[in-house]
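Just so we're on the same page: letters track the sequence lines, and every chain starts at 1. In this text the structure is predicted, and so the values were computed from the model without any measurement.
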There are 2 protein chains.
Amino acid sequence: MTVPRLLLVEDDPALAELIEFRFKAEGYAVTATPDGDEALLLAQEEAPDLVLLDWMIEGTSGIEVCRRLRRLQETAHVPIIMLTARGAEDDRIRGLDTGADDYVTKPFSPRELVARVNAIMRRIRPALAGEVLSVGDLALDAKAHKATRRGQILSLGPTEFRLLKFFMEHPGRVFSRGQLLDAVWGTESDIELRTVDVHIRRLRKGIEVPGAPDPVRTVRSAGYSLEAV
Amino acid sequence: MTVPRLLLVEDDPALAELIEFRFKAEGYAVTATPDGDEALLLAQEEAPDLVLLDWMIEGTSGIEVCRRLRRLQETAHVPIIMLTARGAEDDRIRGLDTGADDYVTKPFSPRELVARVNAIMRRIRPALAGEVLSVGDLALDAKAHKATRRGQILSLGPTEFRLLKFFMEHPGRVFSRGQLLDAVWGTESDIELRTVDVHIRRLRKGIEVPGAPDPVRTVRSAGYSLEAV
DNA sequence: GGTTTGATGACAGGTTTGTGACAGATGGAG
DNA sequence: CTCCATCTGTCACAAACCTGTCATCAAACC
């Protein structure tokens, strides 16, 4: 779930292998097929994050595959990059109008293709663009105001959420109660130091999932820290 | 608020005018400037939906403008298409890695540029591109001014409709009452924050269908969000 | 053992959100 | 022009939920 998945539809075996190799090196999971109809099935089964689609392929043509992908509920919003030997402007425009998100003309360099894929991934998978904090099995999406552990959604109160966010911004570091008060409650708050203990407990309870160890470490006479587990 | 806005940064007056004309004909609102520094100011003021950015411009260079746009909170997520005379692959990759979303090499045809812009708009503001928004079992057709849930047509008041549309353009994201007022009521409206609550309730009531869970999530002390259900 | 430090459960008070009611505004039908 | 239906922004109250504190117990330290 954490590795972005590509579906590659390309009937030139040499080129397919080259692309596959390159993207695997970049940390993508790649499924490849030379056939348009199979591509449609795979797209529904595997729910890839992005499709690389050759224009000229066996079976159903690339542009037809593109159109059908757009029509299917499950794949309607998966970004598509068209690959093509043709340089004709009309084809490019037709590709984009059919619902492709981008268009790369052969011969292209693998590096450029990677750069374009990365650019699109940045847009659609915030987790890959560093917009989601992640420490060990914890993840926190500030925009969606959602925190998860091992995929499970956590329900935290406002203060616990801020506390967790602060910890996740500085994983492993130990903070004194005073520092936590300043950072999470604000400098002007005038609150008992010991109150932090209570919120730490509430946080611990909030991020508790069966079988997982407690990532909040107590450092006696120093404070607390969040450890990657 | 309903017309997609472009910011064009191009110092060749003839080309700028050509592009501007073309996009206005396509129904875009275009702001143009030849200057990089001014572009940065305009981008913050006008919050365009997309930026067309020439690589070689007076003042701050295109790539520098791109980098700064990415760094500014307000503009970090505005898509950028780079325009350039250079065909060198390294430049293209550098542009994409800097945060540009797409890259068009001069000479390009206005039609292709339009197609690329449309492709990106479809992805980021589907409602503006005349597409049907879809989040979970909700669908909203901005053109037809119609919203449905599980196929059932919903009857919503004007404000609830705008509210739903805004939520559906940013699914999963949490917005404070203030942000919602700005986005749905307009920046100058001077309305009680709590009024948002009431419209949220009206929206909830309006999209209620038997057996379906409530997709509007309350995030205590933060705001509301629309979740795919 | 005595002392210090942290964990925990309970709780009263406070804050935030949900909800029904309402009066004024708006706009269309007749 | 008047009537009627609809929509809007507020308010007041209830309900849900959070929060800071304390007293007490457990653990670590010396």
Side-chain angles (χ1 to χ4, degrees), chain A residues 145-147 153-167 173-208 212-227, chain B residues 1 145-147 153-167 174-208 212-227:
Chain A
H145 219 276
K146 235 185 241 171
I153 292 182
L154 307 173
S155 87
L156 300 170
T159 308
E160 281 70 65
F161 190 87
R162 287 201 308 279
L163 187 56
L164 177 61
K165 183 174 166 209
F166 178 70
F167 271 129
R173 210 171 126 191
V174 177
F175 296 97
S176 71
R177 294 177 174 72
Q179 289 175 309
L180 290 172
L181 278 180
D182 283 354
V184 177
W185 279 258
T187 329
E188 40 236 83
S189 73
D190 185 26
I191 291 180
E192 276 299 311
L193 281 179
R194 294 325 239 59
T195 299
V196 174
D197 295 32
V198 179
H199 281 279
I200 289 284
R201 179 171 61 87
R202 286 170 183 160
L203 175 59
R204 279 181 166 140
K205 199 158 245 166
I207 63 177
E208 192 176 53
D214 178 11
V216 180
R217 183 168 62 116
T218 304
V219 181
R220 199 182 164 80
S221 78
Y224 299 93
S225 75
L226 181 74
E227 305 295 318
Chain B
M1 200 60 200
H145 215 270
K146 222 186 262 171
I153 292 181
L154 307 172
S155 87
L156 299 171
T159 308
E160 281 68 67
F161 189 87
R162 287 201 309 279
L163 187 55
L164 178 61
K165 181 174 158 203
F166 179 71
F167 271 129
V174 174
F175 296 97
S176 70
R177 294 178 174 72
Q179 289 175 309
L180 291 172
L181 279 180
D182 284 353
V184 176
W185 279 259
T187 328
E188 36 238 84
S189 73
D190 185 27
I191 292 181
E192 276 299 311
L193 282 179
R194 293 298 257 88
T195 299
V196 174
D197 295 32
V198 179
H199 282 277
I200 288 284
R201 180 170 61 88
R202 287 170 183 160
L203 174 60
R204 279 182 167 139
K205 201 157 245 168
I207 64 178
E208 191 177 52
D214 178 11
V216 179
R217 180 169 67 119
T218 303
V219 182
R220 187 170 239 262
S221 82
Y224 299 93
S225 74
L226 181 75
E227 304 292 314

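Map A:Ile191 and A:Pro158 each onto its nearest nucleotide of DNA chain D; the residue landing nearer the 5' end is A:Pro158. With DNA chain C read from its 5' end, the first of the two nearest nucleotides for B:Arg177 and A:Tyr224 is the one closest to A:Tyr224.
The separation between B:Glu192 atom CD and C:dG24 atom C1' is 17 Å, rounded to whole Å. If you take CD of A:Glu208 and P of C:dA7, they are 14 Å apart, rounded to a whole angstrom. For the pair B:His199 NE2 and C:dG20 C1', the computed distance is 15 Å after rounding to whole Å.
Bracketed by its first and final contacts, the part of DNA chain D lying under 4.0 Å from non-hydrogen atoms of chain B reaches from D:dC7 to D:dC18 in 5' to 3' order.
Residues meeting the salt bridge (Lys or Arg N to Asp or Glu O under 4.0 Å) test with B:Arg194, sequence neighbours left out: B:Asp197.
A 4.5 Å side-chain heavy-atom check between A:Trp185 and A:Thr159 finds at least one atom pair inside the cut-off. Under the 4.5 Å side-chain criterion, counting only non-hydrogen atoms from C-beta, A:Phe167 is in contact with A:Leu180.
The minimum heavy-atom distance linking B:Ile207 with B:Pro215 is given by the pair CD1-CG, 3.7 Å. Taking all atoms of both residues into account, the shortest heavy-atom contact from A:Gly206 to A:Leu156 is CA-CD2, 3.7 Å.
Contacts of B:Thr195 with the nucleic acid, taken as non-hydrogen atoms under 4.0 Å apart, include base atoms.
Side-chain atoms of A:Arg204 and A:Thr218 include a donor-acceptor pair closer than 3.5 Å.
Between A:Thr218 and the phosphate of C:dA7, there is a side-chain N or O to OP1/OP2 separation shorter than 4.0 Å.
Between B:Tyr224 and the options B:His199, B:Arg177, B:Arg217, B:Gln179, a side chain to side chain donor-acceptor pair (under 3.5 Å) holds for only B:Arg177.
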Between the protein and nucleotides 8-14 of chain C, list the N/O to N/O atom pairs that are separated by less than 3.5 angstrom.
{"from": "C:dG9", "atom 1": "N7", "to": "A:Arg201", "atom 2": "NH2", "distance (Å)": "2.9"}

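Between the CD atom of B:Glu208 and the CG atom of B:Leu203 there is a distance of 11.0 Å, given to the nearest 0.5 Å.
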